[in-house]
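The figures that follow rest on heavy atoms only: side chains count, while hydrogens, waters and symmetry mates do not. Whatever order the structure lists ligands and atoms in, that order sets their numbers, starting from 1. All residue numbers refer to positions in the sequence shown, counting from 1.
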Amino acid sequence: SGKLENITKVKNVDRIVLGKYIMETWYYSPLPPEYHNCSTLWVCEYTLNFLRSEAALKRYQQRHSIRMPPGSEIYRKDNISVFEIDGAVQKFYCQNLSYLSKFFLDHKTLYYDVDPFWFYVMCEVDEYGCHIVGYFSKEKESEDNYNVACILTFPAYQRKGYGKFLISFSYELSKIEQKVGSPEKPLSDLGLLSYRSYWSQVLVDLLKNEKQPISIQEISERTMMKMEDIISTLQVLGLIQYYEGQHVLDLRRIDNIKFGSKGLLCDPSCIKWRPKV
Ligand code: ACO
């Protein structure tokens, strides 16, 4: 039976259709059994309802006029919106989002008990509606001070800066909460690349503009990045020395560090959000 289990852990759905995109799946996802042997999974991009055929999706969307995610819109700028969704209230939506993200996440234990999480869903908005491009989840109470549990950009939207937008959004929420945060470990390879890129950009920007000496502690208070993440990033950038038992900033090489495009960071003045008490 162990063997059988392994066989069924092989990728079960070959591709998903989400809005105007077809995406090949990367990994196994423990979908409800009724979807196990359909090679293409049709997903309503607004409600995340799963369907087994294009005709069924069309019928479904004719009956349902919703063209946006549930929850409240807490960010809007130009054609980008973010919705905050309570896992305990929108269980079906958040469970289906977790099943979908498992198609692209190998290493993570995903929690299908979605009650203890908030979900922050990023959308591109046009005249037809709000199209989900990615999201991150966040524990309502994190003992380890994680500010992101799981983060995903759907493959059709990857490498356009949306991952870094979501990361910057998560740190802006941490700034509003006045809580230092860090993503849940372990990070995937793509997760680490994206975090490394965001952290580097924020630190180099801050240090280039800072005229006074500054401590790691102060950097952490301003960016809400955890000290360990700051130190490891500065090490990779070659901007820190370990000297007589202490980490000492060494900015001689900072002007040599160049970034490509800055990408799309969120505009904190467009966030309408208060921490829950
Ligand atoms: N190869 C090389 N570099 C890459 C790649 C890639 N395939 N993908 C992203 N990057 C780099 C980009 O070049 C960019 O760096 P730069 O701005 O310095 O050039 C940086 O990573 C971020 O790129 P974005 O376009 O902002 O990120 P994207 O929208 O592609 O999303 C994400 C990144 C969310 C990690 C996405 O790859 C994804 O969803 N992967 C599958 C799920 C996953 O692994 N999630 C993270 C798990 S860890 C956790 O959840 C806490």
Side-chain angles (χ1 to χ4, degrees), residues 11 13 15-16 18-19 21 23-29 43 45 48 79-82 87 94 97-112 114 116-124 131-139 142-174 180-205 224-226 228-229 232-234 236-237 239 256-267:
K11 228 175 64 166
V13 169
R15 61 193 78 83
I16 60 168
L18 182 73
Y21 294 105
M23 299 176 231
E24 298 294 320
T25 58
W26 300 354
Y27 306 110
Y28 166 86
S29 176
V43 182
E45 60 173 330
L48 300 189
N79 68 330
I80 298 296
S81 278
V82 177
C94 296
L97 186 52
S98 302
Y99 288 131
L100 289 175
S101 61
K102 181 63 194 69
F103 282 131
F104 308 103
L105 276 162
D106 192 22
H107 68 295
K108 268 199 119 80
T109 330
L110 269 172
Y111 297 103
Y112 300 97
V114 289
F117 296 90
W118 294 107
F119 291 77
Y120 296 92
V121 170
M122 178 181 183
C123 295
E124 275 180 358
H131 311 277
I132 182 170
V133 302
Y135 84 103
F136 67 88
S137 57
K138 174 175 180 168
E139 276 173 287
S142 171
E143 281 181 18
D144 305 290
N145 293 322
Y146 292 138
N147 61 358
V148 165
C150 192
I151 183 166
L152 169 94
T153 305
F154 283 105
Y157 297 96
Q158 284 175 7
R159 309 221 60 181
K160 291 166 52 146
Y162 288 173
K164 256 157 61 176
F165 176 96
L166 287 165
I167 294 171
S168 67
F169 198 90
S170 72
Y171 281 100
E172 292 305 331
L173 296 187
S174 295
V180 170
S182 185
E184 189 180 300
K185 310 300 172 312
L187 295 176
S188 65
D189 295 353
L190 288 170
L192 182 61
L193 264 174
S194 306
Y195 269 95
R196 195 56 87 209
S197 169
Y198 170 81
W199 290 335
S200 302
Q201 193 176 311
V202 167
L203 292 175
V204 169
D205 263 6
M224 291 300 148
M225 280 167 56
K226 197 176 164 184
E228 273 165 60
D229 298 334
S232 71
T233 304
L234 292 174
V236 172
L237 292 170
L239 297 178
N256 302 339
I257 301 171
K258 301 269 182 288
F259 294 106
S261 87
K262 278 228 168 160
L264 177 79
L265 298 191
C266 84
D267 178 348

- Query: Any N or O of R159 that comes nearer than 3.5 Å to an N or O of ligand 1?
  - Reply: yes

- Give the residue and atom name of whichever protein heavy atom lies nearest to atom 49 (C) of ligand 1, and the separation in Å to one decimal. K108 NZ, 3.6 Å

- Just say parallel, tilted or perpendicular for the rings of F104 and W26, cut-offs at 30° and 60°. perpendicular

- Is ligand 1 less than 4.0 angstrom away from at least one heavy atom of F136? no

- Query: Looking at side-chain heavy atoms only, is the closest gap between P183 and Y195 below 4.5 Å?
  - Reply: yes

- Item | Distance from atom 25 (O) of ligand 1 to nearest protein heavy atom, with residue and atom | G161 N, 2.8 Å

- Query: Is a side-chain N or O of T233 found less than 3.5 angstrom from the main chain of S200, in a donor-acceptor match?
  - Reply: no

- Could you tell me whether the side chain of M122 reaches within less than 4.5 Å of the side chain of F136, counting heavy atoms only? no

- Query: What part of K185, side chain from CB on, backbone N/CA/C/O, both or neither, has a heavy atom under 4.0 Å from ligand 1?
  - Reply: neither

- Item | Where ligand 1 meets E184 - atom numbers and elements under 4.0 angstrom, heavy-atom basis | 51 (C)

With a cut-off of 3.5 Å and sequence neighbours excluded, list every side-chain donor-acceptor pair involving residues 147-163.
{"from": "N147", "atom 1": "OD1", "to": "S182", "atom 2": "N", "distance (Å)": "3.3"}
{"from": "N147", "atom 1": "ND2", "to": "S174", "atom 2": "OG", "distance (Å)": "3.1"}
{"from": "Q158", "atom 1": "NE2", "to": "T153", "atom 2": "O", "distance (Å)": "2.8"}
{"from": "Y162", "atom 1": "OH", "to": "E124", "atom 2": "OE2", "distance (Å)": "2.4"}

- Flag if over 12 foreign heavy atoms under 6.0 Å of CG, D189: no

- Less than 3.5 Å between some nitrogen or oxygen of G163 and one of ligand 1, yes or no? yes

- Query: So which protein heavy atom does atom 38 (C) of ligand 1 come closest to, and at what separation?
  - Reply: Q158 NE2, 3.3 Å

- Message: Just to confirm my output: which protein heavy-atom neighbour is closest to atom 42 (C) of ligand 1, and how far is it?
- Response: F104 O, 3.5 Å

- Message: Looking at ligand 1, is there an atom of it that comes within less than 4.0 Å of some heavy atom belonging to P155?
- Response: no

- For ligand 1, the portion of W26 having any non-hydrogen atom under 4.0 Å away: side chain

- Protein heavy-atom partner closest to atom 18 (O) of ligand 1 - residue, atom, separation in Å: S197 OG, 2.7 Å

- Item | Shortest protein contact, atom 17 (O) of ligand 1 (heavy atom only) | K164 NZ, 2.7 Å

- Separation of I80 CD1 from D267 CG (nearest 0.5 Å): 12.5 Å

- Task: First locate atom CG of L97, then atom OH of Y135, and finally report the distance between them rounded to the nearest 0.5 Å.
- Result: 4.5 Å

- Query: Can you name the residues that form a side-chain hydrogen bond (donor to acceptor under 3.5 Å, both in side chains) with W118, not counting sequence neighbours?
  - Reply: none

- Which protein heavy atom lies closest to atom 31 (O) of ligand 1, and at what distance to 0.1 Å? T153 OG1, 3.1 Å

- Query: Among protein heavy atoms, which sits nearest to atom 33 (C) of ligand 1, and what does the distance come to when rounded to 0.1 Å?
  - Reply: S194 OG, 3.3 Å

- Item | Numbered atoms and elements of ligand 1 in range of L187, under 4.0 angstrom, heavy atoms | 48 (S), 51 (C)

- Note on the structure: Rounded to the nearest 0.5 angstrom, the CD-CG distance for E172 and L265 is 8.5 Å

- So which of G191, P183, S188 gets nearest to atom 47 (C) of ligand 1, if we judge by its closest heavy atom? S188

- Going by the order shown, which atoms of ligand 1 are within less than 4.0 Å of some heavy atom of A149? 50 (O), 51 (C)

- Query: Closest approach of K102 and Y27, non-hydrogen atoms and distance?
  - Reply: O-CB, 3.9 Å

